[in-house]
Number of protein chains: 2
Amino acid sequence: MQLRNQVEWALHCCGLLAGLPEGRRLSTKSLADFHGVPKEYLSKALQALSTAGIVEGSLGPAGGYRLAKPPSAVSFLDIVEAVEGRRRTFACTEIRRNNPCRATDTCDMAPCTIARVMWEADEAWRERLRATTLADLAAMLGAEIPAETLRKVAAWVGARS
Amino acid sequence: MQLRNQVEWALHCCGLLAGLPEGRRLSTKSLADFHGVPKEYLSKALQALSTAGIVEGSLGPAGGYRLAKPPSAVSFLDIVEAVEGRRRTFACTEIRRNNPCRATDTCDMAPCTIARVMWEADEAWRERLRATTLADLAAMLGAEIPAETLRKVAAWVGARS
DNA sequence: GAATTAATACTCGGATATACACTGTCCGAGTTCATCGGG
DNA sequence: CCCGATGAACTCGGACAGTGTATATCCGAGTATTAATTC
């Protein structure tokens, strides 16, 4: 029960894209180089983000990705769900139906009690992820990363976009 | 990113064990029959619960499992962690270290900003699961399940323990 | 110099390979209880 | 009637196979930009 690697990559990529100057783009290759991950596989995650409308890609040379919305409109949950899917953490297979003591004519009642508790926990998780946006992330990163490094990153990105 | 089937089974089994009369036990076979799942595989989940000190098994005929603690002392989180392990949902692989602009002598700082947010969400999930115990579950089940069915289950369990 | 053509760099989607975790089954070893036989 | 031996029922733990998912790589098709060529 662990999130995919791609979720981590997608979040870091979005963090970088959030700091991109207006009108600029970063190619899959640049993003892959920056994070030290395989280009083709990262591409799958970016495609998922693109399908979800979080980033938008353009073809041809000087093509690449940029955010499709302002950073404040993209939450962590959006990114996680785009890559990981929207299935719930807990899947109820309704094993209570196998209960030999259960009346056969019991019409399908409310969801299984156990599933309800698990789903509430799931919702708490989602709620927390919904509460943080890329704008928040950018602010936190700006406060934590040394100014020297930030400058270098800006220069690196500028040369590649 | 989904919890195992065994988690669902373990929760249902604990729910049943919580209603067991003092001193009685239920065998793996009975629990498997009741829920309509394969005995040998369910056994793995019960072993995990046993290792975690949530249930205790006894050998020999008339052997089987019972709760090792009062129902109010066992939370959903205990059960989930026993079966699923305690790994966090999000694994940070520190890809920020691959950042080409990062000073090589940067001593390991605080955990990655992104990982911190993900871990806070994880903690919210755990917190919710910690808040519900088997005693709560028993109360909810008692209120939701038809009295007729409850009687039948009690009889079924009584004949098998 | 303008228009057209060719080359290039990139994204996108599909096909494929590999490793690992989940699911499920099987069996032998060890333990406890009930039953049976001998004293 | 009592005690030990035998057998049955059960758990425990390991071994093993099948399946699905995550990870990763590769390649061809399509597209937009740039460069080159032609008029």
Side-chain angles (χ1 to χ4, degrees), chain A residues 1-10 13 17 23-33 35-66 68 80 82-85 87 89-91 93 95 159-161, chain B residues 1-10 13 17 23-33 35-66 68 80 82-85 87 89-91 93 95 159-161:
Chain A
M1 180 0 226
Q2 242 175 311
L3 290 166
R4 303 184 204 179
N5 245 331
Q6 286 192 337
V7 172
E8 182 184 12
W9 302 353
C13 285
L17 290 177
R24 297 297 191 83
R25 297 171 178 277
L26 273 177
S27 72
T28 303
K29 181 164 188 332
S30 295
L31 289 167
D33 286 350
H35 294 112
V37 301
K39 170 172 87 74
E40 278 107 6
Y41 191 31
L42 174 63
S43 162
K44 304 285 182 205
L46 294 170
Q47 278 174 42
L49 292 175
S50 175
T51 301
I54 294 171
V55 302
E56 66 182 16
S58 75
L59 301 180
Y65 288 100
R66 71 176 173 206
V80 170
V83 174
E84 188 70 29
R87 285 176 309 174
T89 300
F90 180 83
T93 59
I95 61 175
R160 295 254 201 157
S161 60
Chain B
M1 166 30 205
Q2 240 174 313
L3 290 166
R4 302 185 205 179
N5 246 333
Q6 287 193 336
V7 172
E8 181 184 13
W9 303 353
C13 286
L17 290 178
R24 298 296 192 82
R25 296 170 178 277
L26 272 178
S27 71
T28 304
K29 181 166 186 334
S30 295
L31 289 167
D33 286 349
H35 294 113
V37 300
K39 170 171 87 73
E40 278 105 0
Y41 192 31
L42 174 62
S43 162
K44 305 283 182 205
L46 294 170
Q47 279 174 42
L49 291 174
S50 174
T51 301
I54 294 171
V55 302
E56 66 183 16
S58 73
L59 300 180
Y65 288 99
R66 69 177 173 207
V80 171
V83 174
E84 188 70 29
R87 286 173 310 173
T89 299
F90 180 83
T93 59
I95 63 175
R160 295 251 202 158
S161 60

**Asked** Which value, rounded to the nearest 0.5 Å, describes the distance between C13(B) atom SG and L46(B) atom CG?
**Response** 5.5 Å
**Prompt:** R25(B) CZ to dC33(C) C1': how many Å, rounded?
**Reply:** 13 Å
**Euclidean distance, atom CD of residue E56(A) to atom P of dC10(C) [Å, nearest integer]** = 18 Å
**Prompt:** Tell me, do R160(B) and R24(B) make a side-chain contact under 4.5 Å, heavy atoms counted?
**Reply:** no
**Item:** Option passing side chain to side chain contact (heavy atoms under 4.5 Å, CB included) with S30(B) (candidates T28(B), L26(B), D33(B))
**Value:** L26(B)
**Heavy-atom pair of closest approach, residues Q6(A) and A45(A)** = NE2-N, 3.9 Å
**Asked** Starting at CD of Q47(A) and ending at P of dT23(D), how long is that distance when rounded to a whole Å?
**Response** 16 Å
Please tabulate, for the side chains in residues 47-55 of chain A, all donor-acceptor contacts under 3.5 angstrom to protein atoms that are two or more places apart in sequence or on a different chain.
| residue | atom | partner | partner atom | Å |
| --- | --- | --- | --- | --- |
| Q47(A) | NE2 | S43(A) | OG | 3.2 |
| T51(A) | OG1 | Q47(A) | O | 3.0 |

**Request:** Tell me whether the OP1 or OP2 atom of dT11(D) has a side-chain N or O from T28(B) closer than 4.0 Å.
**Result:** yes
**Item:** Base versus backbone protein contacts along nucleotides 22-31 of chain C [heavy-atom cut-off under 4.0 Å; B, S, -]
**Value:** SBBBB----B
**Item:** Whole-Å gap separating P (dT25(D)) and NZ (K29(A))
**Value:** 14 Å
**Item:** Atom pair distance, as rounded to whole Å: CG in L49(A) and P in dT11(C)
**Value:** 14 Å
**Prompt:** Hey, does the side chain of E84(A) reach the backbone of M1(B) with a donor-acceptor pair shorter than 3.5 angstrom?
**Reply:** yes
